[in-house]
Colleague: 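Just passing along the structure, written as structure tokens.
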Number of protein chains: 2
Amino acid sequence: MSILSSAADVLRCFSSTRHDVTVTDLVTLLGMPKSNASRLLRAMRDEGLLETVGQTKRYRPSLLLNQVGQLYRFAASLIDRSDAVVGVISDRIGHTGYISVRRGAHVIGVTAHPGRHALRVVTAIGDRLPAFASSTGRALLARLPDEEVRTLYPEGLSAPSETAPQDLEALLARLAEIRASGFAESHDEAVRGVHAISVAVGDPTTGDEVALCITIPATLVEQQERLAIIAALSEGAAEIAALTGDTRFFPLNLAFAETAP
Amino acid sequence: MSILSSAADVLRCFSSTRHDVTVTDLVTLLGMPKSNASRLLRAMRDEGLLETVGQTKRYRPSLLLNQVGQLYRFAASLIDRSDAVVGVISDRIGHTGYISVRRGAHVIGVTAHPGRHALRVVTAIGDRLPAFASSTGRALLARLPDEEVRTLYPEGLSAPSETAPQDLEALLARLAEIRASGFAESHDEAVRGVHAISVAVGDPTTGDEVALCITIPATLVEQQERLAIIAALSEGAAEIAALTGDTRFFPLNLAFAETAP
DNA sequence: AACTGTTGTTCCATTTTTTGGAACTATCTC
DNA sequence: GAGATAGTTCCAAAAAATGGAACAACAGTT
């Protein structure tokens with residue numbers, strides 16, 4: 001067990017609900033001896049990975065991590081490009097937009113553009129959602145061949161709501177729809193009360209894949225706006241796909257969009 | 001030499017001009033044996049600190065670092081609050097706004113809000129500027145007693161332009177002005193062609209201090225807009241200072257603002 | 001297709017760091 | 001100021017890191 005792995009574990013302790021940690025936090029969260037926790041936190045601070053909060057014994061991520069973390073979106077320039085596209089759409093229609101990536105069977109928000117409407121969807125960056133029960137997740141899963149999707153769910157799936165796919169076959173059917181229509185849609189699934197529209201795009205040279213998504217409060221969905229969002233997302237993603245030479249991109253087929261969601 | 005320190009050194013290799021690294025990059029940048037560089041990068045990837053770029057032998061920061069880095073602004077909630085204030089002002093007037101922190105004799109941009117004007121100032125997040133030759137830097141230095149400022153510059157200072165303070169005494173004189181007026185201003189200093197207005201605020205419980213800044217292309221400065229920016233920044237910062245109980249905040253004294261910059 | 005320079009990986013014994021229990025110190029709470 | 005809680009330091013045993021060199025993969029060239 002290298003100290004590097006303990007250090008990475010410490011970083012994984014941070015979350016949107018835990019902005020700083022103490023020696024005892026590590027003891028309880030990671031089950032590590034107090035002595036190690038104490039020395040590890042100090043070492044990480046000395047190396048510039050963490051900072052102490054004022055005079056207290058609390059440790060938080062450092063400015064260095066903030067800076068290096070910001071580079072992620074440029075290193076994965078696909079994210080930056082997609083974020084720009086979503087930002088423009090979100091600005092124009094006033095609803096929340098965001099970018100997600102998939103890690104195994106989960107999707108994780110990377111960047112977000114909060115909407116301007118009084119009733120808006122707030123997505124927490126860094127939150128993990130089950131891929132099969134969200135539009136971003138299915139948009140990304142649709143890029144995989146069916147057999148790879150199957151291997152992701154050796155245990156089958158447990159749906160969080162009635163509108164989500166109830167089993168693996170239902171999921172594969174919806175992925176087929178996404179491939180044919182060019183966009184993914186969800187309603188009241190992993191996040192209740194939220195309607196989401198997503199399109200995925202990739203960069204074959206880096207292997208990165210992201211989903212571009214616009215979310216609307218489920219009660220406010222209007223057919224005209226919905227079509228505008230689908231068109232805008234697909235158009236933006238198609239431009240990116242052309243740029244990166246993404247051959248797995250599914251172009252929009254409006255015939256599928258015109259039936260109400 | 002702990003492996004942690006090597007890992008931190010690797011992270012420091014990343015910059016706005018170097019989004020990924022290879023084994024040889026580490027050998028040349030850090031002078032470490034090839035064998036170590038190879039194993040270190042692999043170990044950091046295995047622990048989730050780095051990712052490989054597609055199939056290549058290039059390594060870039062990971063999603064984990066991106067997420068932990070994002071938490072910085074919430075952990076240091078002063079940054080988040082200040083960022084909100086600057087975002088509103090930047091949105092309203094269309095000029096670029098940003099937040100900086102000081103590390104020793106340098107200031108580093110943490111968040112940025114690009115302006116909407118065709119001619120806009122683009123600030124790179126993570127770039128280091130000399131504190132004494134920027135408005136953000138001086139706004140933050142003004143919070144220190146003079147003798148601490150002196151110890152920061154044991155070698156004196158070398159001004160990057162004629163409008164920057166030419167020596168330590170000139171710097172201290174300008175810091176005194178800032179304490180009296182409540183805001184800092186720079187024109188054509190560390191960044192040529194840029195006029196900047198800054199106000200600093202701190203949080204005594206965490207020891208954090210940040211500068212709120214709005215930048216304008218030097219050719220576009222108008223007295224009325226300038227006064228509006230000064231007032232808005234100072235007002236926003238004053239609210240934060242009240243919230244955190246910052247006793248070192250310098251309130252606005254408009255008498256100083258009304259003489260042209 | 002063989003050659004060549006470049007880049008990355010693996011192996012090894014030696015050196016250095018890490019580990020975890022326990023004793024110790026500091027800090028907080030009532 | 002007693003008692004509890006939180007954090008630090010010490011130590012020998014165990015584990016990991018080091019750097020040189022041999023090896024392997026790769027890209028470009030003739």
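Naming: A, B, ... by sequence-line order, numbering from 1 per chain.
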Colleague: Where the side chain of Glu51(B) meets the backbone of Leu63(B), is there a donor-acceptor pair that is under 3.5 Å apart?
Modeller: yes

Colleague: Can you name the side-chain hydrogen bond (donor to acceptor under 3.5 Å, both in side chains) partners of Arg150(A), sequence neighbours left out?
Modeller: Glu169(A)

Colleague: Find the distance between CZ (Phe14(A)) and CD (Gln67(B)) and round it off to the nearest 0.5 Å.
Modeller: 13.5 Å

Colleague: Distance-only, no hydrogens or angles: does the Asp203(B) side chain make a donor-acceptor pair with backbone N or O of Asp208(B) under 3.5 Å?
Modeller: no

Colleague: State the CG-CG distance between Leu49(A) and Leu4(B), to the nearest 0.5 angstrom.
Modeller: 5.5 Å

Colleague: Would you say Thr244(A)'s side chain and Ile240(A)'s backbone share a donor-acceptor pair under 3.5 angstrom?
Modeller: yes

Colleague: Tell me: CG of Leu40(B) to C1' of dT10(C), nearest whole Å?
Modeller: 16 Å

Colleague: Can any side-chain N or O of Arg179(A) pair as donor or acceptor with the backbone N or O of Ala142(A) at less than 3.5 Å?
Modeller: yes

Colleague: Need two values: the first and the last nucleotide of DNA chain D, 5' to 3', having an atom under 4.0 Å from any heavy-atom of chain A.
Modeller: dA6(D) to dA17(D)

Colleague: Tell me, for nucleotides 20-30 of chain C in 5' to 3' order, what letter each nucleotide earns: B for a base near a protein heavy atom under 4.0 Å, S for only sugar-phosphate near one, - for neither?
Modeller: BBB--------

Colleague: Working to the nearest 0.5 Å, report the span between NE2 of His113(A) and CG of Asp83(A).
Modeller: 3.5 Å

Colleague: What is the distance from CD1 of Ile3(A) to C1' of dT16(C), rounded to the nearest Å?
Modeller: 13 Å

Colleague: Over its full length, what angle do the end axes of the helix from dA1(C)-dT30(D) to dC30(C)-dG1(D) make, each axis taken from five pairs and the result rounded to 10 degrees?
Modeller: 60°

Colleague: Rounded to the nearest 0.5 Å, how far apart are OG of Ser6(A) and CG of Leu40(A)?
Modeller: 6.0 Å

Colleague: Within residues 21-30 of chain A, which residues have any heavy atom lying less than 4.0 Å from an atom of DNA chain D?
Modeller: Thr22(A), Val23(A), Thr24(A)

Colleague: Can you list every salt bridge (charged side-chain N to carboxylate O under 4.0 Å, His left out) pair that touches residues 20-29 of chain A, not counting sequence neighbours?
Modeller: Arg18(A)-Asp25(A), Asp20(A)-Arg58(A)

Colleague: Measure the CZ-CG distance between Phe132(A) and Leu171(A) for me, rounded to the nearest 0.5 Å.
Modeller: 8.0 Å

Colleague: Measuring from atom CG of Asp46(A) to atom CZ of Arg42(A), what distance do you get when rounded to the nearest 0.5 angstrom?
Modeller: 7.0 Å

Colleague: Side chain of Ser134(B), backbone of Ala190(B): donor and acceptor closer than 3.5 Å?
Modeller: no

